Amino acid sequence: MKWLGLIAALSSGLPAPCARADDRFDVALGVTSDYVLRGLTQTQGDAAVQADLHWQHDDTWVAGVWMSTMNPRRGRGPTSEFDLYAGASRNLGDDWRASLMAVHYVFPQDSARLRWDYDELIASVGFRDLLIGTVAWSPNASGFGGGQIASERRAISYELMGHWPLRQRWLASAGAGYYDLHDLFDTGYVYWSVGVTFDWAPWKATLARYGTNDQAKALYGEAITQDRWAAGITWQFGGAIR
C-alpha cells in the first residue's frame with residue numbers, strides 16, 4: 001500500500017516530528033524486491049528503485065514528489081512513475097487526526113494506446129498511530145482489465161490499515177482494501193497485506209506479503225495478482241529549516 005508511510009505521518013494522532021513553525025525537508029531513497037500497488041505487481045515481480053522528496057510545514061502541510069521504476073505489463077509501456085502530491089491534516093481531538101491529499105500520477109513513457117496519467121484525492125482518518133482508514137477517489141483512471149481497455153473513468157478504493165508496535169524497533173502491520181472499478185470494468189476486487197518493519201534510523205527494512213481475491217485474477221491474470229512476498233530497505237534523511 002504505497003502511501004502508507006506518508007498517510008501515517010499525516011493521519012497519526014501524535015505530533016509530527018518537526019517543531020511547530022518549522023519547515024522541514026525530508027528525503028527517502030530505497031529499493032524493493034517488488035513494487036506492489038493495491039495487490040498488483042507494477043514490476044512483474046522484479047525489483048524497483050524508489051525515492052521521495054517532500055516539504056512539511058508545522059504538523060499540517062506537506063508537498064512533494066515520489067518516484068519509482070516500473071514495468072507493469074510486457075511490451076511497450078511506462079518504465080517510471082512520478083507522483084506529485086500536496087496535502088494537509090488536522091487534529092480531531094486528542095486521539096484522532098484527519099488528512100486530505102491530492103496526487104497527480106505521471107508516467108513519462110506511457111504507450112500510445114493508453115494514457116496512464118491520472119489524479120487521486122485521498123482522505124484519511126487515523127487513531128493515534130495504530131489504525132488508519134483511507135478512501136482514494138480518481139476521476140480519470142485508465143487501464144487494461146478483463147480483455148478490454150478503459151480510459152478516463154472514475155475509480156475509488158477503500159483501505160483499512162492497522163499497526164502494532166512489537167519489541168524495541170519492530171512494528172507489525174496488516175491491512176485490507178477494496179478497489180471499486182465498476183465504472184471501468186463493471187466490477188472490483190479485494191486486496192490485502194501483512195508485514196513487519198524494522199526501524200533503525202535512518203534505515204528502515206520491511207518484509208510484507210500481498211494478495212488479492214479471485215476477481216482480481218479474472219481481471220488481470222494470475223501473473224500480476226498472485227500472492228507474493230516483497231522486501232525493501234529505505235534510507236531517510238532530512239531536517240528542520242527555520
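Since the model is a prediction, treat every value here as computed from it, not as a measurement. Atom set for the values below is all heavy atoms of this structure, side chains included, hydrogens, waters and symmetry mates excluded.
- Under the side-chain hydrogen bond (donor to acceptor under 3.5 Å, both in side chains) criterion, Gln50 pairs with Ser68, not counting sequence neighbours.
- Here the side chains of Pro108 and Pro78 are not in contact, with every heavy-atom distance at 4.5 Å or above.
- A distance of 8.5 Å separates CE in Met161 from OG1 in Thr134, rounded to the nearest 0.5 Å.
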Start with the C-alpha distance between Ile156 and Val135, add both sets of side-chain angles, then the distance that settles side-chain contact (heavy atoms from CB on, under 4.5 Å), and finish with yes or no. CA-CA 7 Å; Ile156 186 167; Val135 178; 3.7 Å; yes
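- Remark: Asp119 engages His104, Asn140 in a side-chain hydrogen bond (donor to acceptor under 3.5 Å, both in side chains) (not counting sequence neighbours).
- Criterion: ILVMFWY side-chain heavy atoms under 4.5 Å apart, direct or through other members. Under it, Ile233 and Leu29 are part of a common hydrophobic cluster.
- Residues in residues 140-152 take part in these salt bridge (charged side-chain N to carboxylate O under 4.0 Å, His left out) pairs, two or more places apart or across chains: Arg115-Glu152.
- At least one side-chain heavy atom of Trp137 sits under 4.5 Å from a side-chain heavy atom of Arg154.
- Contact annotation: the side chain of Tyr105 never approaches that of Trp66 to less than 4.5 Å [non-hydrogen atoms, C-beta and beyond].
- Under the ring pair (Phe, Tyr, Trp, His ring centres under 6.0 Å) criterion, Phe237 pairs with Trp235, not counting sequence neighbours.
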Go through the steps to decide whether Tyr85 and Asp52 satisfy the test side chain to side chain donor-acceptor pair (under 3.5 Å), and finish with yes or no. CA-CA 11 Å; Tyr85 61 87; Asp52 176 79; 2.6 Å; yes
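- Scored by the side chain to side chain contact (heavy atoms under 4.5 Å, CB included) test, Val190 finds Tyr178, Asn213 as partners (sequence neighbours excluded).
- Between Tyr189 and Tyr220, the ring-plane angle classifies as perpendicular under the 30° and 60° cut-offs.
- Listed for the Arg97 side chain is no donor-acceptor partner under 3.5 Å among the backbone atoms of Gly126.
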Side chains of residues 225-232: which donor-acceptor pairs under 3.5 Å do they make with residues two or more places apart or in other chains?
residue : atom : partner : partner atom : Å
Thr225  : OG1  : Gly221  : O            : 2.8
Arg228  : NE   : Gln226  : O            : 3.4
Arg228  : NH1  : Asp34   : OD2          : 3.0
Arg228  : NH2  : Ala223  : O            : 2.8
Arg228  : NH2  : Ile224  : O            : 3.3

If you apply the rule side-chain contact (heavy atoms from CB on, under 4.5 Å), what do you find for Trp116 with Glu81, and how did you get there? CA-CA 10 Å; Trp116 288 73; Glu81 173 186 344; over 6 Å; no
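- Linking Ile, Leu, Val, Met, Phe, Trp and Tyr residues whenever their side-chain heavy atoms come within less than 4.5 Å places Ile149 and Tyr118 in a single cluster.
- We find the OH-CG distance between Tyr191 and Leu40 to be 9.5 Å, quoted to the nearest 0.5 Å.
- Applying the side chain to side chain contact (heavy atoms under 4.5 Å, CB included) rule to Ala63 yields the partners Trp55, Ala86; only residues at least two apart in sequence or on another chain are considered.
- Residues Thr43 and Thr69 come closest through the heavy atom pair CG2-O, 4.0 Å.
- The side chain to side chain contact (heavy atoms under 4.5 Å, CB included) test applied to Ala136 returns Arg38, Glu120, Ile122, Ser157, not counting sequence neighbours.
- With sequence neighbours excluded, the residues forming a side chain to side chain contact (heavy atoms under 4.5 Å, CB included) with Ala218 are Gln215, listed by chain and number.
- For the atom pair OG (Ser124) and CE (Met101), the distance works out to 7.0 Å, reported to the nearest 0.5 Å.
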Got a list of side-chain donor-acceptor pairs under 3.5 Å for residues 195-208, not counting sequence neighbours?
residue : atom : partner : partner atom : Å
Thr197  : OG1  : Thr206  : OG1          : 3.2

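- Residues Val194 and Ala174 share a closest heavy-atom pair of CG1-CB, 3.9 Å.
- The shortest non-hydrogen separation linking Ala28 to Thr234 is CB-CG2, 3.8 Å.
- Under a hydrophobic clustering in which Ile, Leu, Val, Met, Phe, Trp and Tyr are joined whenever their side-chain heavy atoms come within less than 4.5 Å, directly or via other members, Ile132 and Leu171 fall into different clusters.
- Trp164 and Leu131 fall into different hydrophobic clusters, where Ile, Leu, Val, Met, Phe, Trp and Tyr residues are linked whenever their side-chain heavy atoms come under 4.5 Å apart, directly or through other members.
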